[in-house]
S.K.: 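Below are the structure tokens for one structure; questions will follow.
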Amino acid sequence: ATWLNLTLQDSASPVMEQLIFFHDHALMIMLMIITAVFYTMISIIQNKQTSRFILEGQMIETLWTIAPAIILVFIAIPSLRLLYLMDEIHNPVMTLKTVGHQWYWSYEYSDFTKLEFDSYMVQQDDQPINTFRLLDTDNRVVLPMNSPIRIIVTAADVLHSWTVPSLGVKTDATPGRLNQMSFSINRPGLLYGQCSEICGANHSFMPIVIESVSTNQ
């Protein structure tokens, strides 16, 4: 993300790429609808309000009933495809368990023995140079790129939400329940996220930092 960015973040996973494509697809349909409605409004304002055909218009009534249904089909088909794509779990090479607390995250690499840690936001007084204020953590989550990863999310106290926008991942952390998602990171670097559930007074101070590393090193 960059300052004053009005659009979506650059994708770091194939799912996020598809989400951006679907966003642009739906936006173009909306733009065509807005243009047609705006043109109709202007034409009504500029023309006379009387017409000998105004009492009987079966053709136009048929069109404005069928056309929205066709438009909804063009939106629904890629939307359902993307929904099933996001829900699919493809033989993950590793599993990351995430537990939300007030107000920090705990992580556990389930495939390894006793590899777990807490991740707190770096305080402003202790913040190093060239790091993002309110977004960096003392312990980053290190994950391999180009590998299917499963994340299991839960909470220990109240509702949280583990969200990384550039990955297209947003999973609710509910006490007593395990939610899972899968993703694959397709570029190295640091990926930032935050809790996106209003979980209390310090809700906005639960950052997430993923460090994507290449497995070829």
Side-chain angles (χ1 to χ4, degrees), residues 1-13 15-16 19-20 92 94-147 149-215 217:
T2 57
W3 302 116
L4 301 178
N5 188 14
L6 298 179
T7 58
L8 300 172
Q9 294 185 17
D10 292 339
S11 66
S13 71
V15 168
M16 188 58 189
L19 283 169
I20 293 175
M94 67 178 301
T95 299
L96 176 70
K97 183 180 179 181
T98 304
V99 182
H101 303 270
Q102 290 182 313
W103 285 274
Y104 64 96
W105 296 100
S106 294
Y107 297 99
E108 177 184 336
Y109 290 87
S110 303
D111 303 297
F112 304 94
T113 304
K114 292 184 179 180
L115 185 52
E116 54 186 80
F117 57 89
D118 297 332
S119 181
Y120 290 86
M121 183 189 72
V122 176
Q123 298 300 315
Q124 188 170 349
D125 296 336
D126 304 327
Q127 191 170 1
I129 302 175
N130 298 328
T131 58
F132 292 106
R133 176 178 173 270
L134 303 181
L135 277 180
D136 220 330
T137 59
D138 56 354
N139 292 313
R140 295 170 176 170
V141 182
V142 180
L143 296 174
M145 58 178 288
N146 296 326
S147 303
I149 298 165
R150 174 174 57 193
I151 178 168
I152 298 175
V153 183
T154 187
D157 35 49
V158 298
L159 291 173
H160 299 281
S161 186
W162 198 84
T163 307
V164 182
S166 58
L167 291 177
V169 175
K170 179 184 172 70
T171 310
D172 287 338
T174 308
R177 179 185 176 89
L178 292 176
N179 291 327
Q180 71 172 0
M181 284 194 70
S182 67
F183 58 87
S184 178
I185 308 172
N186 58 13
R187 61 183 172 90
L190 294 179
L191 311 175
Y192 293 90
Q194 286 178 301
C195 174
S196 58
E197 186 70 60
I198 301 176
C199 58
N202 292 328
H203 143 72
S204 56
F205 304 110
M206 290 182 63
I208 302 161
V209 182
I210 294 178
E211 185 174 348
S212 173
V213 296
S214 175
T215 54
Q217 295 177 353

S.K.: Any heavy-atom pair between the side chains of Val164 and Ser166 that's under 4.5 Å?
M.R.: yes
S.K.: Could you tell me the separation between the CD1 atom of Ile185 and the CD1 atom of Ile149, rounded to the nearest 0.5 Å?
M.R.: 4.5 Å
S.K.: Using every non-hydrogen atom in the two residues, find where Pro165 and Gly193 come nearest and quote the distance to one decimal.
M.R.: CD-CA, 4.1 Å
S.K.: Quick check: do Glu108 and Ile152 have side-chain heavy atoms less than 4.5 Å from each other?
M.R.: no
S.K.: So does Leu134 have more than 12 non-hydrogen atoms from other groups sitting under 6.0 Å from CG?
M.R.: yes
S.K.: Main chain of Glu197, side chain of His160: is a donor-acceptor contact present, judged purely on distance under 3.5 Å?
M.R.: no
S.K.: Hey, does Leu159 have a side-chain heavy atom less than 4.5 Å from the side chain of Asp172?
M.R.: no
S.K.: Could you label the plane-to-plane angle of the Tyr104 and Tyr120 rings as parallel, tilted or perpendicular, counting under 30° as parallel and over 60° as perpendicular?
M.R.: parallel
S.K.: Measure the spacing between NZ of Lys97 and OH of Tyr109 and express it to the nearest 0.5 Å.
M.R.: 15.0 Å
S.K.: Heavy atoms, side chains only, cut-off 4.5 Å: are Phe183 and Val15 in contact?
M.R.: no
S.K.: Sub-3.5 Å donor-acceptor pair from the side chain of Asp157 to the main-chain atoms of Gln102, do we have one?
M.R.: yes
S.K.: Report the distance from atom SG of Cys195 to atom CD1 of Ile208, rounding to the nearest 0.5 Å.
M.R.: 7.0 Å
S.K.: Between the main-chain N or O of Asn139 and the side-chain N or O of Ser119, is there a donor-acceptor pair closer than 3.5 Å?
M.R.: yes
S.K.: Distance-only, no hydrogens or angles: does the Ser161 side chain make a donor-acceptor pair with backbone N or O of Ser196 under 3.5 Å?
M.R.: no
S.K.: With rounding to the nearest 0.5 Å, note down the distance linking CD1 in Ile210 to CE in Met145.
M.R.: 13.5 Å
S.K.: Would you call Tyr107 and Ile151 a side-chain contact if the rule is heavy atoms closer than 4.5 Å?
M.R.: no
S.K.: With the side chain counted from C-beta on, respond yes when Leu167 and Met16 share a heavy-atom pair under 4.5 Å apart, and no when they do not.
M.R.: no
S.K.: Side chain of Thr154, backbone of Thr174: donor and acceptor closer than 3.5 Å?
M.R.: yes
S.K.: Is it true that a side-chain atom of Ser212 and a backbone atom of Arg187 form a donor plus acceptor pair closer than 3.5 Å?
M.R.: yes
S.K.: So how far is it from Ser11 OG to Leu19 CG, rounded to the nearest 0.5 Å?
M.R.: 9.5 Å
S.K.: Tell me the closest heavy-atom pair linking Trp105 and Ala173, and the distance in Å.
M.R.: CZ3-CB, 4.5 Å
S.K.: Quick check: closest heavy atoms across Leu191 and Ala12, and the distance to 0.1 Å?
M.R.: CD2-CB, 3.9 Å
S.K.: Please report the interatomic distance CG(Leu115) to CG(Leu96), rounded to the nearest 0.5 Å.
M.R.: 10.0 Å
S.K.: Determine the interplanar angle of the Tyr192 and Phe132 rings, folded into 0 to 90°, and report it as parallel if under 30°, tilted if 30 to 60°, perpendicular if over 60°.
M.R.: perpendicular
S.K.: Give me the atom names and distance for the closest heavy-atom approach of Ser13 to Ser184.
M.R.: CB-O, 3.1 Å
S.K.: Quick one: are Met206 and His101 in side-chain contact, heavy atoms under 4.5 Å?
M.R.: no
S.K.: Does a side-chain heavy-atom distance below 4.5 Å link Val209 with Leu135?
M.R.: no
S.K.: Say whether, by atom type as modelled, one donor and one acceptor occur between the side chain of Asn179 and the main chain of Thr171 under 3.5 angstrom.
M.R.: no
